[in-house]
Amino acid sequence: MKNRKHIVQSMIGVAVLLLAASCKKEDALQEKLTGDNVAVTATATGRQFTLVPDVNGRLLIDNTSKTYQPGDIINLKGNFKAVQVVNLSGSSSAPITIRNLTGTAVTIGNPAWNGGAYGVACVFWNCHYIRFGGQSGQSSIVISGSTQAAKASYYDLQLGNKTDNIEVSNLTIQNGGNGIVAKTDPVKGDATTAYPNTTMMNLKIHDLLIKGTTNEAMYIGHTATYWDLTSNVPYYGATSGMAGGHQYVQPIIWRNVKIYNNKVQNIGLDGIQTAAADQMEVYNNEVTNWGMQKNSSHNGGILIGGRTTNTNTHDNYVHDGWGEMLQFYGSGENGATHIMNNNLFRGNQLDGVSLRGTANAVVRFTNNTIAVTKGNSLRLNGSTGMKSAQIINANAFIRPLNAAATIYPKNYIYVEDGAAAVEGTGTLANKKYPTWLSSKADAVYYQPLAGSTMGTAGYRKK
């Protein structure tokens with residue numbers, strides 16, 4: 001699993017907002033802002049407010065005094081170096097909307113940032129029931145991160161300190177370190193920052209364009225299995241290996257997450273990385289040219305990570321990148337289910353898809369196409385406790401090992417370390433082709449052409 005930086009922040013006085021301090025996960029600094037950072041508020045009409053940058057190009061919305069109420073609309077106007085939203089809450093029936101002012105385009109972020117303060121373009125801190133996005137497409141609001149030497153430490157959009165019930169849509173996010181970071185770090189002495197005391201609910205991320213980030217395009221959910229509050233570091237091992245006298249907790253999980261209709265391109269590490277989430281659906285996303293750093297530990301086009309349960313990954317198109325196109329580390333605890341259906345994975349330099357779950361997770365891997373891989377099409381690994389048989393039905397495996405002269409059956413489905421698979425028969429049989437020509441499929445979406453024996457197996461473009 002991933003072990004990257006995150007931000008710790010506490011609220012002191014009017015506002016204390018975290019900002020990234022280094023490219024190492026868990027490093028952070030705390031920064032105090034004053035009331036002088038509050039933007040000018042135009043006359044409100046019909047509970048709409050228009051906010052502009054202050055003289056330094058920044059905007060702080062601290063709703064401790066309840067200026068903004070459920071159902072209000074906050075319009076942003078202008079070019080902002082940083083936007084910080086704190087203690088803002090709508091309601092389940094009347095969320096607060098933050099958007100660009102009608103007829104205008106908004107930019108957020110500081111491409112010239114090269115370390116120090118204000119290392120986050122846009123942050124939501126302890127916010128609930130929020131809708132954030134552009135009114136008229138992805139160009140309505142553009143978040144632009146650092147392009148300088150320190151860019152890996154820059155967050156473009158952060159959802160922190162138990163922010164939940166939030167929808168993010170119709171944005172462009174570009175450059176910087178991480179595109180979106182949506183997680184909460186455990187804090188010693190604050191039981192509400194640990195699971196199961198708190199669960200973050202209802203996250204929607206859709207219709208975004210994310211491009212050019214140094215690290216992950218999306219970092220959704222906390223990747224640490226446990227958190228050592230005594231040493232303030234993550235812990236990934238067994239409970240038997242925990243240090244005596246140290247206090248450990250598990251980070252908060254998300255519940256009910258939907259990530260869909262996004263385009264992710266030219267990414268340094270993972271494309272869409274998820275962890276610590278229950279009831280998660282990832283669908284209709286296109287991920288291309290990820291893993292540009294060629295880091296073997298951070299190379300998933302889509303990553304269904306540790307502590308994920310009850311996931312559904314479908315109708316995604318992942319293609320033309322360096323790393324593995326889909327990685328699975330999810331859990332089978334409490335009878336959790338995992339579905340991967342009708343995805344197209346095409347063109348990479350490693351194994352195509354790898355499944356390495358925990359707690360006897362079972363994945364129903366059906367009607368997917370994996371084509372043109374340098375390694376095996378599908379790899380199953382039982383080293384972390386995924387010993388139950390995986391259900392592998394009606395997939396198309398095309399041209400593994402760069403169409404090497406000899407392709408063995410194991411190169412289509414490679415099983416190791418106690419993993420197991422059950423393949424379908426009849427109409428559920430997997431179709432395996434050593435070359436693209438032998439599949440008689442088109443060269444883009446790998447749809448079967450006349451004379452193909454693929455039948456109903458594999459991905460179908462909708």
Side-chain angles (χ1 to χ4, degrees), residues 5-21 25-39 51 53-54 58-68 70 72 74 76 80-91 95-98 108-110 117-133 141 143 145 153-168 171 173 176-194 198-203 205 219-222 251-252 254:
K5 71 181 174 70
H6 72 285
I7 294 176
V8 178
Q9 174 184 0
S10 61
M11 305 307 299
I12 302 175
V14 175
V16 181
L17 291 179
L18 81 144
L19 295 172
K25 188 179 178 188
E26 319 310 342
D27 287 352
L29 63 87
Q30 296 177 347
E31 179 170 2
K32 295 181 181 179
L33 302 182
T34 69
D36 294 336
N37 295 96
V38 179
L51 306 185
D54 68 7
R58 304 180 190 120
L59 171 64
L60 167 65
I61 302 173
D62 183 355
N63 202 41
T64 302
S65 61
K66 308 298 182 185
T67 300
Y68 307 106
D72 285 352
I74 298 173
L76 303 180
F80 301 81
K81 288 186 176 179
V83 174
Q84 303 171 335
V85 186
V86 183
N87 300 326
L88 183 70
S89 293
S91 68
I96 293 175
T97 299
I98 300 178
I108 303 172
N110 184 7
Y118 302 103
V120 181
C122 183
V123 57
F124 289 83
W125 198 253
N126 188 34
C127 296
H128 313 279
Y129 298 106
I130 304 295
R131 291 176 178 166
F132 174 51
I141 299 178
I143 300 177
S153 300
Y154 194 91
Y155 280 5
D156 297 331
L157 174 60
Q158 185 191 11
L159 313 178
N161 191 19
K162 296 171 285 186
T163 291
D164 70 353
N165 288 286
I166 185 166
E167 179 176 0
V168 179
L171 306 174
I173 298 174
N178 295 79
I180 302 177
V181 178
K183 63 189 181 76
T184 290
D185 297 327
V187 176
K188 190 173 184 178
D190 184 355
T192 68
T193 61
T198 300
T199 299
M200 297 182 298
M201 301 294 297
N202 303 325
L203 172 64
I205 299 173
Y219 192 126
I220 310 302
H222 210 296
I252 296 172
W254 281 100

N/O donor-acceptor pair under 3.5 Å between T198 side chain and T192 backbone: yes
A side-chain contact here means heavy atoms from C-beta on lying under 4.5 Å apart; do Y129 and N202 qualify? no
Result of checking T163, L159, I180, D164 against L203 for side-chain contact (heavy atoms from CB on, under 4.5 Å): L159
Within-4.5 Å side-chain heavy-atom neighbours: L60 and V86: yes
Looking at every non-hydrogen atom in both residues, tell me the closest pair between P95 and I130 and how far apart they are. CB-N, 4.4 Å
Looking at every non-hydrogen atom in both residues, tell me the closest pair between C127 and N87 and how far apart they are. SG-N, 3.9 Å
Taking every non-hydrogen atom, the tightest pair across A182 and W254: O-NE1, 3.1 Å
For P186 and H222, the nearest pair of non-hydrogen atoms, with its separation, is CD-NE2, 4.0 Å
Applying the side-chain contact (heavy atoms from CB on, under 4.5 Å) test to C122, which of I108, D156, V168 qualifies? I108
Run the side chain to side chain contact (heavy atoms under 4.5 Å, CB included) test against A82 and tell me which residues pass, sequence neighbours left out. R58, Y118
To the nearest 0.5 Å, what is the distance between CD1 (I74) and OH (Y68)? 5.0 Å
Who pairs with T67 by side chain to side chain contact (heavy atoms under 4.5 Å, CB included), at least two apart in sequence or on another chain? N63, S65
Do you know the tightest heavy-atom contact between M200 and K162? SD-CA, 3.8 Å
Inter-residue atom distance I143.CD1 - I173.CD1, 0.5 Å rounding: 4.5 Å
Smallest separation among heavy atoms of I96 and S89, with atom names: CD1-O, 3.5 Å
For residues 118-132, the salt bridge (charged side-chain N to carboxylate O under 4.0 Å, His left out) pairs (sequence neighbours left out) are R131-E167
Out of T97, V85, L157, which one pairs with F132 under the side-chain contact (heavy atoms from CB on, under 4.5 Å) rule? L157
Close side-chain approach of Q84 and W125, heavy atoms under 4.5 Å: no
Does any N or O in the side chain of Y155 come within less than 3.5 Å of the main-chain N or O of V123, such that one atom is a donor and the other an acceptor? no
Any heavy-atom pair between the side chains of L88 and I98 that's under 4.5 Å? yes
